[in-house]
Amino acid sequence: MEGAYFSHPEAQSVFPTPLQKPDLLIASSTHIKIIRTFSKLKKMAVSATNIADLLRQANAQDFDGDESTRLATIREAQRLVNRLQHPTERSWEIAFENWAILGTLQTFVDLGVFERWRDAGGGPVSLEALCELAKANVDPKLLVRLCRLLAANDFIEEVAEEQYKPTAFSLALGDKDSLQAAWIQCGHDHFKYGGLDHLSRFLKETSYLNPADVENTAYRLGCPENVGFWDRCSLTPELQASFSELMESWTRRKTHWTEYFDTNVLLSCEIDHSAPILVDVGGNRGHDISLFRARHHAAIPSGSLVLQDRPEALALAEVDQDKVLIMPHDFLTPQPVCNARAYMFHAVFHDWSDEKSLVILKHTAAAMKPGYSRLLIVDVVLPPTGASAFQAAMDVSMMGLLSAKERTQGMWEELLSGAGFKILKIWKDPKRYESVIEAELGAPEEGARDL
Ligand SMILES: C[S@@+](CC[C@H](N)C(=O)[O-])C[C@H]1O[C@@H](n2cnc3c(N)ncnc32)[C@H](O)[C@@H]1O
């Protein structure tokens, strides 16, 4: 059986598989470079050891800030690993190793080791010194085992026996301002309930129907308090904080909506100053509205930006309160701010079924001024084929956490037209995380499908 697996042409090949259509747009130059490199190696009849040497030389800095090429290269490298790994190795990694790593990283976060290591200068330290950095007494015989796993996976570096150095990853986890530790904390606080046993058990118990009821989720099935995601965040400030910090860190890292949507569109008409310019609905800590404020500071009168969310999320907001009005609002109820130039929803509708999304959209439509107000939805638009791993994982995670989903362009068109909107343009992020769907009130025009 093993022989049969390795005789599969894809398992043997170190050459990239032909690109699928959606990848072609962003990955073609990289792909060509990778093919050229591998063709050269082939001509030189290099050994597998040389290939490992070549791969060892690549660094994130080599891309000179060219994010599309860096991401496409990561994807090719992952495909390479996927082709080289035996199915047992891949299964081991998914089902065994990843859990051990997550538990170990969470232990380091709990002990404050990364943070204190960074604060102490981030240099090489002995096992004994690492134990002293920890917030609690730790048995060195325990810590050495955890360090071994972290070093074997490049989270820290083992420079000599029981001597360690942090890597860029562990330094980032130790940097409070970067909010990176929130990812590990959120995995522990939230994501485990939307995945693993809970998702498969939930899908079985709901007869393998596509989940669409926010009251009935895999998350709720798994979580100790038997409540849904948002209620659990509202009940426990620490759980709200880990989620809010994760969203903040993720929003900082994703391509900013202001980079691929032309924000001048919102100011290029006669502005009605009796109403706000932009309302960020479900805007969490205010990262997105602050990007708009920074870009158009001079053109924005005091209080003409509005940040809405649940009160528990707004308690952690960090915005310029001269320009931005902080307003608790439940978007499942009528929108109190009328006639704004734009209403923005970033990563909101992917948390909700079509039924609830229609409620939110209809409340928004009722507040909008026809011919003036715009709707901006920043969310994933799934391609018909070849969704990225990020997009597909986000979709299934939304299923597990909230019985919600990501949508294709067709699904967005249907949802928006059902609430009385027509899409004007879909602005695409070249890095393929999300898009900005710009819409206004009105029936879709004939032939408007080609967006
Ligand atoms: C996935 S987060 C996105 C946050 C932010 N827009 C971003 O992209 O970083 C969804 C947001 O919706 C908010 N939310 C959930 N239910 C809500 C409700 N019923 N009314 C208002 N906001 C709600 C959450 O508190 C959270 O901030």
Side-chain angles (χ1 to χ4, degrees), residues 179 182-183 186 189-191 194 214-215 217 219 227-237 239-261 278-292 305-319 324 326-337 342-353 355-364 367 375-380 390-391 393-395 397-407 429 433-437:
L179 305 175
W183 286 89
C186 236
D189 290 349
H190 295 295
F191 299 152
V214 71
E215 300 300 331
T217 58
Y219 185 91
V227 291
F229 184 85
W230 301 118
D231 286 344
R232 192 155 174 263
C233 287
S234 296
L235 287 172
T236 316
L239 300 180
Q240 174 67 49
S242 64
F243 174 67
S244 282
E245 286 179 7
L246 173 135
M247 280 314 299
E248 168 80 21
S249 142
W250 183 222
T251 310
R252 278 187 207 165
R253 180 66 198 158
K254 283 184 285 191
T255 321
H256 295 156
W257 69 285
T258 47
E259 284 170 38
Y260 58 98
F261 168 77
L278 180 63
V279 186
D280 187 358
V281 192
N284 197 31
R285 300 192 355 162
H287 183 85
D288 284 318
I289 208 149
S290 298
L291 290 170
F292 185 80
L305 303 177
V306 180
L307 174 67
Q308 296 181 334
D309 208 298
R310 298 159 39 251
E312 298 82 5
L314 292 176
L316 302 167
E318 285 176 9
V319 287
V324 183
I326 296 180
M327 181 187 289
H329 168 59
D330 176 355
F331 51 48
L332 294 165
T333 64
Q335 171 58 258
V337 180
Y343 297 83
M344 175 170 138
F345 295 83
H346 187 176
V348 166
F349 290 106
H350 80 158
D351 295 339
W352 299 92
S353 64
E355 189 197 340
K356 293 286 186 199
S357 295
L358 276 174
V359 171
I360 303 169
L361 284 167
K362 286 181 181 170
H363 285 315
T364 311
L375 174 72
L376 302 177
I377 295 177
V378 189
D379 235 321
V380 167
F390 158 78
Q391 294 168 331
M394 192 59 101
D395 181 40
S397 296
M398 291 308 109
M399 176 198 294
L401 295 173
L402 292 147
S403 291
K405 61 185 177 188
E406 303 296 344
R407 294 173 171 88
D429 167 15
Y433 290 124
E434 296 167 319
S435 297
V436 177
I437 303 170

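Counting starts at 1 for both ligands and their atoms, following the listed order. Along the sequence shown, the residues carry numbers beginning at 1.
- Between Arg310 and Gln240, the side chains place a donor N or O and an acceptor N or O closer than 3.5 Å (distance only, hydrogens not considered).
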Show your reasoning for whether side-chain contact (heavy atoms from CB on, under 4.5 Å) applies to Met247 and His287.
CA-CA 9 Å; Met247 280 314 299; His287 183 85; over 6 Å; no
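- If you check which protein heavy atom lies closest to atom 3 (C) of ligand 1, you get His346 O, 3.4 Å.
- Of the N and O atoms on the side chains of Glu434 and His346, at least one donor lies less than 3.5 Å from an acceptor on the other residue.
- Taking the six-membered ring for Trp and thresholds of 30 and 60 degrees, Phe345 and Phe349 have ring planes inclined between 30 and 60 degrees apart.
- A parallel orientation is assigned to the rings of Trp257 and Phe292, their planes being inclined by less than 30° (bins at 30° and 60°).
- Looking at ligand 1, you won't find any N or O of His350 less than 3.5 Å from one of its N or O atoms.
- Near Met247, the atoms of ligand 1 lying under 4.0 angstrom from a non-hydrogen atom of the residue are 1 (C), 3 (C), 7 (C), 8 (O), 9 (O).
- Within the 3.5 Å criterion, the main-chain N or O of Ala313 finds no donor-acceptor partner in the side chain of Asp309.
- Considering only non-hydrogen protein atoms, atom 20 (N) of ligand 1 sits nearest to Phe331 N, 3.0 Å.
- Protein heavy atom in closest approach to atom 1 (C) of ligand 1: Ala347 O, 3.1 Å.
- Of all protein heavy atoms, the one closest to atom 27 (O) of ligand 1 is Asp309 OD2, 2.7 Å.
- Distance check: Leu314 CG to Arg285 CZ gives 12.0 Å after rounding to the nearest 0.5 Å.
- Counting protein heavy atoms only, atom 10 (C) of ligand 1 is closest to Asp351 OD2, 3.3 Å.
- The N/O atoms of Asp330, backbone and side chain alike, include one that comes under 3.5 Å of an N/O atom in ligand 1.
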Yes or no on ring-ring contact (aromatic ring centres under 6.0 Å, His included) for Phe331 and His363, after CA distance, side-chain angles and deciding distance?
CA-CA 8 Å; Phe331 51 48; His363 285 315; 9.9 Å; no
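- When only non-hydrogen protein atoms are considered, atom 21 (C) of ligand 1 lies nearest to His329 O, 3.1 Å.
- Of all protein heavy atoms, the one lying nearest to atom 4 (C) of ligand 1 is Gly282 O, 3.3 Å.
- Put simply, the side chain of Thr236 never gets that close to the backbone of Leu239: no donor and acceptor are under 3.5 Å apart.
- Set against the non-hydrogen atoms of Trp352, the atoms of ligand 1 under 4.0 Å away are 16 (N).
- Val380 places none of its side-chain heavy atoms less than 4.5 Å from the side chain of Arg407.
- For Ser249 (side chain) and Glu245 (main-chain N/O), no donor-acceptor pair under 3.5 Å exists by modelled atom type.
- Ligand 1 has no nitrogen or oxygen under 3.5 angstrom from a nitrogen or oxygen of Asp280.
- Distances below 4.0 Å separate heavy atoms of Asn284 from the following atoms of ligand 1: 4 (C), 5 (C), 27 (O).
- Within the 4.0 Å heavy-atom shell around ligand 1 one finds Arg310.
- Checking only distances, Gln240 never comes within under 3.5 Å of ligand 1, N or O to N or O.
- The shortest contact between atom 9 (O) of ligand 1 and any protein heavy atom is with Thr251 OG1, 3.0 Å.
- Using a 4.0 Å heavy-atom cutoff, Trp257 is absent from the residues neighbouring ligand 1.
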